Amino acid sequence: MDKLQGLRGMVDLLPEQVLLWQWIENKARQHFHRASIQEIRTPIIEPTELFSRGIGEATDVVGKEMYTFCDRGERNCTLRPEGTASIVRATIEHNLLSKGPQRLWYSGPMFRYERPQAGRQRQFHQLGLEYLGFKDPRSDAETITVAWDLLIDLGLKNLNLEINSLGNLNDRIVYRNHLVKWLEERKDYLDQTSQARLYTNPLRILDSKDPKTQEILKETPVLIDLICPESRERLERVKAELSNAGVPFTVNPKLVRGLDYYCHTAFEITSHQLGAQSTICGGGRYDGLIEELGGKPTPAIGWALGMERLMLLLSNSQPNCELSQKDIFIVSRGEKAESLAMAISRKLRKANFIVENDLSGSAFAKQLKRADRSNAHWIILIGDDEATKGEVIIKTNKREGEAQTDKQNIKIDNLLNRLKILSNTNH
RNA sequence: GCGGGCGUCGCCAAGUGGUUAAGGCAGCGGCUUGUGGCGCCGCUAUUCGGGGGUUCGAAUCCCCUCGCUCGCCCCA
């Protein structure tokens, strides 16, 4: 019989890792809550068209990375490769903007069919933020600041924030022509992929990691010099607000993002400790997307951060999320005692104690060994003798250096009170 | 989709052509049929990701395949 395995690029989160995830999720929830940002949850399957129209037909994500299939009703479906399109769809579908601008956050699995590597999986998780109906440059600054503060609060160090302005649609068309013309004159010096990209997606050439291409790009005209006055003003204001907030950043004129919908402000937070996939959080403004998807023209900005990449950084610095502490470990042997242990464990749980009941039926010595390792504060021990007398033995778990511990017999009726007293004096 | 590295027990591993595949941790059982971190003893891979081939003989060599991993591409 062959061993069954999970699908390539799909990763299980084991109990130990889940603790860290929960810790992060709680932090994030606090930050969002305090910034008046509300959670939204949308399905992970959407009509394929939502993404092909929203993200852009020519992008890699849509072109070759989507999990697309037909359901039994012949609908063309896709597992979401990112969150923004879904949020926009839901916002339009339920007319949320009629109540005014929306500050929303989401988290959940995304799917992209790529070759897995460090910081990249086929199912991965994003935590994201969308400000819909916000036009003022302060909204750009606020979203970025929320991301920054969260990451700092999580204990991350050595982060780099880069921002850029992509201008408006017209700016990009003008710039694109400009850039293509300029690069055509130097075509022979470009690397293969960049040459191929010259007419399909020339802006992405700016991102090339090829050293020779990078050398040429040093001289290249940059979009930021050609953007419209409105966009320039916005960038200046965003910079000013970030400075006011004490958030360090650099302007990177070559920062372009892979999804078509971005305009004006674009930004990325990266860490060199991540390997090749160094972006931990990325986003930007998408003023045209809502209209593109059938809503009224509405400005918006948002970002997403990769949970797995965050975990990668956090597992180096091991934050202070402790293993769940246990209050009580119950050891029992014999049918009468075992039944009593069942009843007691339930009673104690109702009183909010964290209790593990040993169900192995193995010898006392074995069960006690397990109790020892369980990190429980107290051990309750029940044999048939005790069960018959209507009592249990309670001991404190051994600590380092202690040779012996007190044990005392207690009537079952007094157990709960006794434990309450003990837990008040003990910790 | 394209490159490089790797794949021996639940985990960490030794072994690089020759009779029964080290060791450690964890697990289980015992010493102690009912009282704990230690110790001692025992058990736990007919099999080296899978399939085929070379050979008298393969975990060790060759081919294919699957998986993991790192990088390219791209993105969070």
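Please read all numbers here as calculations on a predicted model, not as lab measurements. Naming convention: chains lettered A, B, ... in sequence-line order (proteins, then strands); numbering from 1 in each chain.
Regarding A/Ile24, its CD1 atom lies at a distance of 19 Å from the P atom of B/rA76, rounded to whole Å. Atom-to-atom, CG of A/Leu368 to C1' of B/rU32 comes out at 13 Å; the value is rounded to the nearest Å. Atom CZ in A/Arg370 sits roughly 5 Å away from atom P in B/rC28 (whole-Å rounding). Whole-Å rounding puts the A/Gln277 CD to B/rC72 C1' distance at 10 Å. Rounding to whole angstrom units, NZ of residue A/Lys407 and P of B/rG34 are separated by 14 Å. A/Leu255 places its CG atom 11 Å from the P atom of B/rA76, with the value rounded to the nearest Å. Summarising the geometry, the separation between CG on A/Leu150 and C1' on B/rA76 is reported as 14 Å, rounded to the nearest angstrom. Between the CG atom of A/Asn409 and the P atom of B/rU35 there is a distance of 15 Å, rounded to whole Å.
Partner assigned to B/rG27 is B/rC43, using Watson-Crick or G-U wobble distances below 3.5 angstrom. With a cut-off of 3.5 Å on both Watson-Crick or G-U wobble distances, the partner of B/rC73 is given as none. With a cut-off of 3.5 Å on both Watson-Crick or G-U wobble distances, the partner of B/rC68 is given as B/rG5. Across all strands shown, B/rG17 has no partner, as no Watson-Crick or G-U wobble contact with both distances under 3.5 Å is found. For B/rU54, there is no paired base (Watson-Crick or G-U wobble, both distances below 3.5 Å).
Scanning atom types as modelled, one donor and one acceptor separated by under 3.5 angstrom connect the side chain of A/Glu386 and the base of B/rG34.
Looking at A/Phe329 and A/Asn357, their side chains never come closer than 4.5 Å, going by heavy atoms from C-beta outward. The closest side-chain heavy-atom distance from A/Arg8 to A/Arg122 is below 4.5 Å. Here the side chains of A/Thr78 and A/Tyr67 are not in contact, with every heavy-atom distance at 4.5 Å or above.
Rounded to whole Å, the separation between the C1' atoms of B/rU44 and B/rC68 comes to 26 Å. Nucleotides B/rC2 and B/rA58, compared at atom C1', are 33 Å apart to the nearest Å. The gap from the P atom of B/rU35 to that of B/rG29 amounts to 16 Å, rounded to the nearest Å. The separation of B/rA13 from B/rC73, taken at their P atoms, amounts to 31 Å, rounded to a whole angstrom. When the P atom is used for both B/rG7 and B/rA59, the distance is 16 Å, rounded to whole Å. Rounded to whole Å, the C1' atom of B/rU20 lies 48 Å from the corresponding atom of B/rC72. Taking the P atom of each, B/rA21 and B/rC63 are spaced 28 Å apart, rounded to whole Å. Between B/rU46 and B/rU54, the distance separating the two C1' atoms is 23 Å to the nearest Å.
Of the side-chain N and O atoms in A/Arg115, none sit less than 4.0 angstrom from OP1 or OP2 of B/rG4. Within the structure, every side-chain polar atom (N or O) of A/Gln117 is placed at least 4.0 Å from both OP1 and OP2 of B/rC70. For A/Arg257 and B/rA76, the shortest distance from a side-chain N or O to OP1 or OP2 is below 4.0 Å.
Residue contacts shown for A/Arg309 include a base, since a base heavy atom lies under 4.0 Å away. Within 4.0 Å of A/Arg120, counting heavy atoms only, lies at least one base atom of the nucleic acid. Residue-level contact check: A/Leu381 touches the bases, meaning some heavy atom is under 4.0 Å from a base atom. Counting non-hydrogen atoms under 4.0 angstrom, A/Glu65 reaches the backbone sugars and phosphates but no base. The residue A/Leu127 sits apart from the nucleic acid: no heavy atom pair falls under 4.0 Å. Across all strands shown, A/Asp60 has heavy atoms under 4.0 Å from sugar-phosphate atoms exclusively, and none from any base. Among the protein residues, A/Gly119 comes within range of the nucleic acid bases, having at least one heavy atom under 4.0 Å from a base atom. Across all strands, A/Ala118 comes closer than 4.0 Å only to sugar-phosphate atoms, never to a base (heavy-atom distances). Within the 4.0 angstrom heavy-atom criterion, only backbone atoms of the sugar-phosphate kind lie near A/Gly282; the bases stay farther away. Across all strands shown, A/Ile379 has heavy atoms under 4.0 Å from base atoms, whether or not it also approaches the sugar-phosphate.
Separation of the A/Tyr262 and A/Tyr286 ring centroids does not fall under the 6.0 Å cut-off.
In this structure, A/Phe32 and A/Trp303 have tilted ring planes: the angle between them lies in the 30° to 60° band.
Judged as a salt bridge (Lys or Arg N to Asp or Glu O under 4.0 Å), the pairs with a partner in residues 46-68 of chain A (not counting sequence neighbours) are, in order, A/Glu46-A/Arg89, A/Glu49-A/Arg53, A/Asp60-A/Lys64.
Along RNA chain B, the nucleotide closest to A/Leu259 and the one closest to A/Met10 are compared, and the more 5′ of them pairs with A/Met10. Place A/Leu7 and A/Lys64 on RNA chain B by their nearest nucleotides, and A/Leu7 ends up nearer the 5' end.
Applying the side-chain contact (heavy atoms from CB on, under 4.5 Å) rule to A/Val247 yields the partners A/Thr145, A/Trp148, A/Leu161, A/Leu242, A/Ala245; only residues at least two apart in sequence or on another chain are considered.
For A/Ile393, the listed nucleotide lying nearest its side chain is B/rG34; candidates were B/rG71, B/rG34, B/rC68.
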Exercise. Would A/Thr270 and A/Leu159 count as a side-chain contact (heavy atoms from CB on, under 4.5 Å) if you check the C-alpha gap in whole Å, the side-chain angles of each, and the deciding distance to 0.1 Å?
Worked result: CA-CA 6 Å; A/Thr270 57; A/Leu159 296 174; over 6 Å; no

